[in-house]
*Asks:* 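One structure, as structure tokens, below. Some questions next.
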Amino acid sequence: MSFPLLTATAVLPALGAIATAAVPAAQRVAAKWLALIVSLATLVLAIVVLVRFDPDGDRYQLTESHAWIADFGVRYELGVDGIGVALVALTALLMPFIILAGWHDADPHETGNTRWRPTQGFFALILAVEAMVIISFEATDVFLFYIFFEAMLIPMYFLIGGFGDKAHEHGDEVAATQRSYAAVKFLLYNLVGGLIMLAAVIGLYVVAGNFSLQDIAEARANGSLEMATNTERWLFLGFFFAFAVKAPLWPLHTWLPNAMGEATAPVAVLITAVVDKVGTFAMLRFCLQLFPEASKWATPVILVLALISIIYGALLAVGQRDIKRLVAYASISHFGFIILGIFAMTSQGQSGATLYMVNHGISTAALMLVAGFLISRRGSRLIADYGGVQKVAPVLAGTFLIGGLATLSLPGLAPFVSEFLVLVGVFARYPAVGIIATFGIVLAALYTLVLYQRTMTGPVKPQVAQLPDLRVRELLVVTPLIALLIFLGVYPKPLTDIVNPAVKQTMSDVHKTDPQPEVEAAK
């Protein structure tokens, strides 16, 4: 029996979470190092998965299948395609940086709680989220996916509510209330989405008789499993609603600014760069593959919602006074682009959407973590409390600028390739939608450059005159992320080679081909 590599990538951080939580109360530093070592070991396993994955091989590789709840047709089934393996690698890659960036965020003097072990709890919860997200990207049994899709809400709830940002303009008591509100809102929104999905999962079992994604998709493709039109549409809506909440898609997005604003910067990165990607990934894996006709039926409405997300998120980002909420609304706009690319039903759009998931995770991590370092120094999230930072902390300002330029998809940085492919794919089938979406790029330039101008340029405000520049630990967090943004912006081929075959198979699932040019090239 071959080594269960996919299981290992999820089990290792899960065991690491248990071990970290069990570290004695006085050994806070040991808990941090244990969490970091486990995250690095998980990254090594993810790299092995990436190396062993053959883009030109079977659709799902490194598969594992074992009986679990046989009476109900539930199996422990794992497998990765090109899209899943890219997102497993992204998750494992970001975790060491998230842990390093939050190195002091859960110390007792930060949390104000000396009656329990906040440091051990903080890092254990992060590792628990990593385990659940990774297995969500690997699961090919619908019921198995659903369990971890929902289970990850619990550690995220405690990370938001129990380890929030201390930089609050109205004091610690109000900050605690706002953290509790943000955590409960996050949990309720996602639980409602999950409960609706549960009804759809049960409905799928009634129709198909099992939960195996591959078996159901194959039966649908060869005609041995037929769904009534209304049944397929209702099941699709149940799945899509849950994924749209997680994504987040307008108008189901309102939990995100609260959660990112009140969480620490590393946890905010965990939310938008890792956890939220499960929603857009699941649209590709489950909605399109299980319900191809319903996906095409719902496309016009979804494209409108994605357009609203792009423009609405960008406009609200322009008007923000809070740095972290600005990044949150920018992420809503970016997720609009991802969903737009998925439902453009073109190979360029879906390749761009998958690349966008990866590149947005890296760029948002770079920008938000540097913003977190800045906020921790000044003790304020308000843009108006900064000015002239580049004169006293040039390295911090420079890395902040690169993260911001990646957010606005500057050519030469990784997100540009993603956004370009999404727009090419959308223009090919829906030119009017592509034109409107392009305004989101203009607004992104506006909110990013205005943020940089107001915080980093101009006269040095007295409150920032003594800010220290980035320290060694912080440079270890930021430098690799910036290097990746530049590398994938200049040479995205390693990523596109992995993703494109999986995208072609997804296009085949929905029986779509790329539209041909209307005018033949001149001979």
*Asks:* If we ignore hydrogens and angles and just use 3.5 Å, is the side chain of Thr346 paired with the main-chain N or O of Gly425 as donor and acceptor?
*Replies:*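 Side chain of Thr346 to backbone of Gly425: a pair is present.
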
*Asks:* Are Leu355 and Leu421 close enough that some pair of their side-chain heavy atoms sits under 4.5 Å apart?
*Replies:*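 Yes. Closest side-chain heavy atoms under 4.5 Å.
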
*Asks:* Applying side-chain contact (heavy atoms from CB on, under 4.5 Å), can you list everything that pairs with Ala242, at least two apart in sequence or on another chain?
*Replies:*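 Applying side-chain contact (heavy atoms from CB on, under 4.5 Å) to Ala242 gives Phe149, Met197.
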
*Asks:* Would you check if the side chain of Arg429 reaches a backbone N or O of Ala344 as a donor-acceptor pair within less than 3.5 Å?
*Replies:*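 Present.
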
*Asks:* Heavy atoms only: give me the nearest Phe286-Ala139 pair and the separation to one decimal.
*Replies:*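 For Phe286 and Ala139, the tightest heavy-atom pair comes out as CZ-O, 4.1 Å.
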
*Asks:* At their closest point, which heavy atom of Ser295 faces which heavy atom of Cys287, and how far apart are they?
*Replies:*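 In this case the closest contact between Ser295 and Cys287 is OG-O, 3.0 Å.
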
*Asks:* Quick test of your reading: applying salt bridge (charged side-chain N to carboxylate O under 4.0 Å, His left out), list the pairs with at least one residue in residues 270-291, sequence neighbours left out, ordered by first then second residue.
*Replies:*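 Qualifying pairs: Asp81-Arg285.
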
*Asks:* What do you reckon, is OH of Tyr60 surrounded by more than 12 foreign heavy atoms closer than 6.0 Å?
*Replies:*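 More than 12 within 6.0 Å, yes.
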
*Asks:* Taking atom OH of Tyr312 as the centre, report whether more than 12 heavy atoms of other residues, nucleotides or ligands fall under 6.0 Å from it.
*Replies:*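 Yes, because the 6.0 Å sphere around OH of Tyr312 holds more than 12 heavy atoms from other groups.
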
*Asks:* Going from CG on Leu6 to CD1 on Ile135, what distance comes out if it is rounded to the nearest 0.5 angstrom?
*Replies:*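 One finds 9.5 Å between CG of Leu6 and CD1 of Ile135.
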
*Asks:* When you look at CH2 of Trp234, are more than 12 heavy atoms from neighbouring residues, nucleotides or ligands closer to it than 6.0 Å?
*Replies:*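 No, not enclosed.
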
*Asks:* Flag the pair Asp141 / Leu213 as yes when at least one side-chain heavy-atom distance between them is below 4.5 Å, and no otherwise.
*Replies:*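 No. Closest side-chain heavy atoms not under 4.5 Å.
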
*Asks:* Apply side-chain contact (heavy atoms from CB on, under 4.5 Å) to the pair Leu93 and Leu43, showing each step before the final yes or no.
*Replies:* CA-CA 6 Å; Leu93 171 71; Leu43 176 57; 4.3 Å; yes

*Asks:* So do the side chains of Met95 and Leu270 get within less than 4.5 Å of each other, counting heavy atoms only?
*Replies:*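 With C-beta onward as the side chain, the pair touches.
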
*Asks:* For the CG atom of Leu235 and the CZ atom of Phe291, what is their distance to the nearest 0.5 Å?
*Replies:*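 Going from the CG atom of Leu235 to the CZ atom of Phe291 covers 5.0 Å.
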
*Asks:* For the residue pair Glu130 and Ser39, confirm or rule out a side-chain donor-acceptor distance under 3.5 Å.
*Replies:*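 Note: Glu130 and Ser39 side chains miss the donor-acceptor criterion.
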
*Asks:* Is it the case that atom OH in Tyr329 sees more than 12 heavy atoms from other parts of the structure closer than 6.0 Å?
*Replies:*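 Enclosed.
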
*Asks:* Apply the test side-chain contact (heavy atoms from CB on, under 4.5 Å) to residues Phe186 and Asn258: give CA-CA distance (whole Å), side-chain angles for both, the deciding distance (0.1 Å), then the verdict.
*Replies:* CA-CA 8 Å; Phe186 162 83; Asn258 296 101; over 6 Å; no

*Asks:* Return the OG to OH distance between Ser418 and Tyr356, rounded to the nearest 0.5 Å.
*Replies:*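 Result: 7.0 Å between the selected atoms.
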
*Asks:* Between OG1 of Thr9 and CG of Leu5, what distance do you get to the nearest 0.5 Å?
*Replies:*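 Between Thr9 OG1 and Leu5 CG, I get 6.5 Å after rounding to 0.5 Å.
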
*Asks:* Kindly compute the distance separating CD1 (Ile338) from CG (Asn359), expressed to the nearest 0.5 Å.
*Replies:*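 Reported to 0.5 Å precision, the distance equals 9.5 Å.
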
*Asks:* Just checking Tyr205 against Phe211, ring centres under 6.0 Å apart?
*Replies:*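 Judged by ring-centre distance (under 6.0 Å), Tyr205 and Phe211 do meet the cut-off.
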
*Asks:* Could you please spell out the steps behind the side-chain contact (heavy atoms from CB on, under 4.5 Å) verdict for Val499 and Val358?
*Replies:* CA-CA 11 Å; Val499 165; Val358 175; over 6 Å; no

*Asks:* Side chains of Phe236 and Leu290, heavy atoms from C-beta outward: is any pair under 4.5 Å?
*Replies:*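 In short, these two side chains do not touch, never coming nearer than 4.5 Å.
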
*Asks:* According to the salt bridge (charged side-chain N to carboxylate O under 4.0 Å, His left out) rule, which pairs have a member within residues 289-299, sequence neighbours left out?
*Replies:*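 Residue pairs passing salt bridge (charged side-chain N to carboxylate O under 4.0 Å, His left out), neighbours aside: Glu293-Lys296.
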
*Asks:* Under a 4.5 Å cut-off applied to non-hydrogen side-chain atoms, are Leu187 and Trp255 in contact?
*Replies:*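 With C-beta onward as the side chain, the pair stays apart.
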
*Asks:* Are any of the side-chain heavy atoms of Val133 and Phe137 separated by less than 4.5 Å?
*Replies:*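 A side-chain contact under 4.5 Å exists here.
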
*Asks:* Could you tell me whether the side chains of Ser331 and Thr272 share a donor-acceptor contact shorter than 3.5 Å?
*Replies:*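 Judged by distance alone, the side chains do pair up.
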
*Asks:* Report yes if some heavy atom in the side chain of Thr20 is under 4.5 Å from a heavy atom in the side chain of Val38; otherwise report no.
*Replies:*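 No, side chains not in contact.
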
*Asks:* Which distance, rounded to the nearest 0.5 Å, do you find between the CD1 of Ile362 and the CG of Leu367?
*Replies:*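 If I round to the nearest 0.5 Å, the distance is 14.0 Å.
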
*Asks:* Could you tell me if the side chain of Ile99 sits less than 4.5 Å from the side chain of Pro266, heavy atoms only?
*Replies:*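 No, side chains not in contact.
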
*Asks:* Name the one of His334, His360, Glu419 that satisfies side chain to side chain donor-acceptor pair (under 3.5 Å) with Ser409?
*Replies:*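 The side chain to side chain donor-acceptor pair (under 3.5 Å) with Ser409 is passed solely by Glu419 among His334, His360, Glu419.
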
*Asks:* Evaluate Val129 against Leu125 for side-chain contact (heavy atoms from CB on, under 4.5 Å), listing each step before the verdict.
*Replies:* CA-CA 6 Å; Val129 172; Leu125 290 169; 5.6 Å; no

